[in-house]
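Please read all numbers here as calculations on a predicted model, not as lab measurements. Just so we're on the same page: letters track the sequence lines, and every chain starts at 1. The figures that follow rest on heavy atoms only: side chains count, while hydrogens, waters and symmetry mates do not.
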Protein chains: 2
Amino acid sequence: MATIRDVSKIAGVSVATVSRTLSMPDKVSQKTREKVQNAIDKTNYRPNILARNFRTRKASTIVVLVPDIANPFFSRVIRGIEQTAQKLGYAVLLGDTQGLREREYTYANMVKTSQADGIIQLDCHVPFGADEEEDIFPIVNVCDCIRNTAMPTIQLDNVAAAMEMTEHIISLKHKNIGIIHGPKESTITMDRIKGFEIALKNADIDIDRSLVVEGDYSIKSGSQAAYNLLKNPSPPSAMLCFNDEMAIGAIHQVKSMGFSVPHDISVSGFDDINFAEFCDPPLTTISQPAEDFGSKAMLMLYDVINEIEVKNKNMFLPFKLKIRNSTAPLKKDE
Amino acid sequence: MATIRDVSKIAGVSVATVSRTLSMPDKVSQKTREKVQNAIDKTNYRPNILARNFRTRKASTIVVLVPDIANPFFSRVIRGIEQTAQKLGYAVLLGDTQGLREREYTYANMVKTSQADGIIQLDCHVPFGADEEEDIFPIVNVCDCIRNTAMPTIQLDNVAAAMEMTEHIISLKHKNIGIIHGPKESTITMDRIKGFEIALKNADIDIDRSLVVEGDYSIKSGSQAAYNLLKNPSPPSAMLCFNDEMAIGAIHQVKSMGFSVPHDISVSGFDDINFAEFCDPPLTTISQPAEDFGSKAMLMLYDVINEIEVKNKNMFLPFKLKIRNSTAPLKKDE
DNA sequence: CCTAAAAATGTAAACAATTACATTTTGATT
DNA sequence: AATCAAAATGTAATTGTTTACATTTTTAGG
């Protein structure tokens, strides 16, 4: 493999000039640039990126920390990250943490050791290992964001989204509304529950706490939660699920217990994943701009890494209520 | 940040000894090791990985080339890759190519410039840019594998799987069987069609070529293909789809045209993604060990990178026919 | 044509590890 | 105690770039 020295000899210039031709061509005269380019072509020279990274202490690599890459919503966010990263000249290291803090630690370390320039965190906490050092740790928090954090955040207005969904359900005359939410510690969960409560309060409906149950965003947990709800002494006529997978699980359970969706029970989701539209019945849900989350996060991380001032440190992206056929007016006889 | 030199001074040994303490501790005496460890603790030293990578010309990083990370089957494979990579001390660079050869080129280049040590290719062709250089390019090809390639491959016996699925359909007395396959150029498609043909031939059933239609693995394409099949002069009583998404699209279409699945028309999938079990009706499909594909691929790539002889260069992983309720015996009156 | 400023180019020192080779220390055997 | 091989340690070169600083060349205005 040819080195910058070989090129400089053939071109009859110094290594500095070759380096400049590559990284700041406007500082090099037209004539010299051509000589260098010829030498590069002749030698088939490619800069040794490892040497460059070492010298500049930058890896042009970011890591994305995701609780589970097999989640279809997350994988869309990651797709958005990857596309924008590539445009900006960054490579994306995948950090599937499976919720393990030790894994996060490994990845946070990569930033400390300059193997990566920054982190995009999709989970609702400071990555383990990134908290120790108080100095600027280049990171942005997307989707499920910590409250009152120094990290820049990009998220949905989950309070408003859950409110809108709840209002839709209320407009269908439902009063006994169940919730299948995600992990309690997460901001997403808390915000959406808050939105739900506000909507109920506005409509003067009392909240039945026994109809608020927890899932883990998996289909199975949605199914299990729906089972529990239906076994409740006063089962809900509508179930608000905090993602589409749990809604799909819930629909499956409701049906297999002999009820009809939406005739007997309305079910709604969150995220609008690809499958939502093709469920039976098609799922009423909140659509989120998943790829935009990723893309915007990468853009923001770029600014953080390069110490460009971030204008909007707490960004909110728009959602859209998609009314399909999994929600319907309350049956008269109830 | 402390360097190896700082540590060596504090420990009162040479840099070589510090380096050895880290990478080959058994070459260092007990006493010295302790001194060095103390110095490391005192200085909070972490080796500069960028310098190490540069010097050793290894990045301890691999790239995975995937046509679309939002595909749930692929994301499971990637999860398997990531888990095993982490165990082996490798980081995983995500290369979502979106089918663009230029993107592949970028990533192949990373291997050429030692930014990555190898590639796992999930698509059915030699990555653009990896073909030029004839010398050993560390790569393994998983899932959709090229025929007669020098690359090590890990795949399903797709002929056998499609045969088994077809035999299942035939055992239900179907004779008019439609196929919704993937891109024609891919080995997966060709193999599965072959398996289908063999099963039909064994059962003395003639193939109706007009019932073999192409999709692109998306839900929408499955839906569209099913529409076309049903508009056929002699529509099929069963549809064999080459992935679960297309099957889900097909089921949706069949139902919305007023037919029942499986009563009027049987539909089967491939992959056994999470949603398959929770469809309505639950999907008969071929389950594949997605995570194993990833894990095995990483293990194999490790051998290739480290020039350990690979025993089984063309590995096949087992599948399992999952019979659920989307396939049923042919109606009597047909 | 002269001169000063600006532009272009060159020199050589980093960067922080690994490792080939040289040297010293250790320990077993006589 | 002497010898020698093996083990442990040290010295210093090496890796390929970038870049601060020094030097040379070009340009423009008088």
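Atom CG of A:D26 sits in a crowded spot, with more than 12 heavy atoms from other residues, nucleotides or ligands closer than 6.0 Å.
Counting to the nearest Å, the P atom of C:dA17 and the CZ atom of B:R20 are 15 Å from each other. The CZ-P distance, from B:R5 to C:dC15, rounds to 10 Å in whole Å. Here the P atom of nucleotide C:dA7 and the CD atom of A:Q30 are 17 Å apart, to the nearest Å. Between the CG atom of B:N53 and the P atom of C:dC15 there is a distance of 19 Å, given to the nearest Å. Atom CZ of A:F54 and atom C1' of C:dA17 are 7 Å apart (whole Å). Atom CZ in A:R55 sits roughly 15 Å away from atom P in C:dA17 (whole-Å rounding). One can place CZ of B:R57 at 12 Å from P of C:dT19, the figure rounded to the nearest angstrom.
A:E34 pairs with exactly one of A:Q30, A:Q37, A:K31 by the side chain to side chain donor-acceptor pair (under 3.5 Å) rule, that one being A:Q30.
Within 4.0 Å (heavy atoms only), B:S19 reaches at least one base atom of the nucleic acid.
Remark: the backbone N or O of B:M300 is not paired with any side-chain donor or acceptor of B:D303 at under 3.5 angstrom.
Relative ring orientation between B:Y105 and B:F128 is described as tilted, the plane-to-plane angle lying within the 30° to 60° band.
Taking both residues in full, the closest heavy atoms of B:P318 and B:L156 are given as O-CD1, 3.9 Å, listed atom of the first, atom of the second, then distance.
Classification of B:R103 and B:D96 as a salt-bridged pair fails, no side-chain N sitting under 4.0 Å from a carboxylate O.
Nucleotides of DNA chain D that come within less than 4.0 Å of any heavy atom of chain B span, from the 5' end to the 3' end, D:dA8 to D:dG16.
Nearest-nucleotide positions on DNA chain D place B:S14 closer to the 5' end than the other of B:A51 and B:S14. For the pair A:V15 and A:K27, both in contact range of DNA chain C, the more 5′-proximal nearest nucleotide belongs to A:K27.
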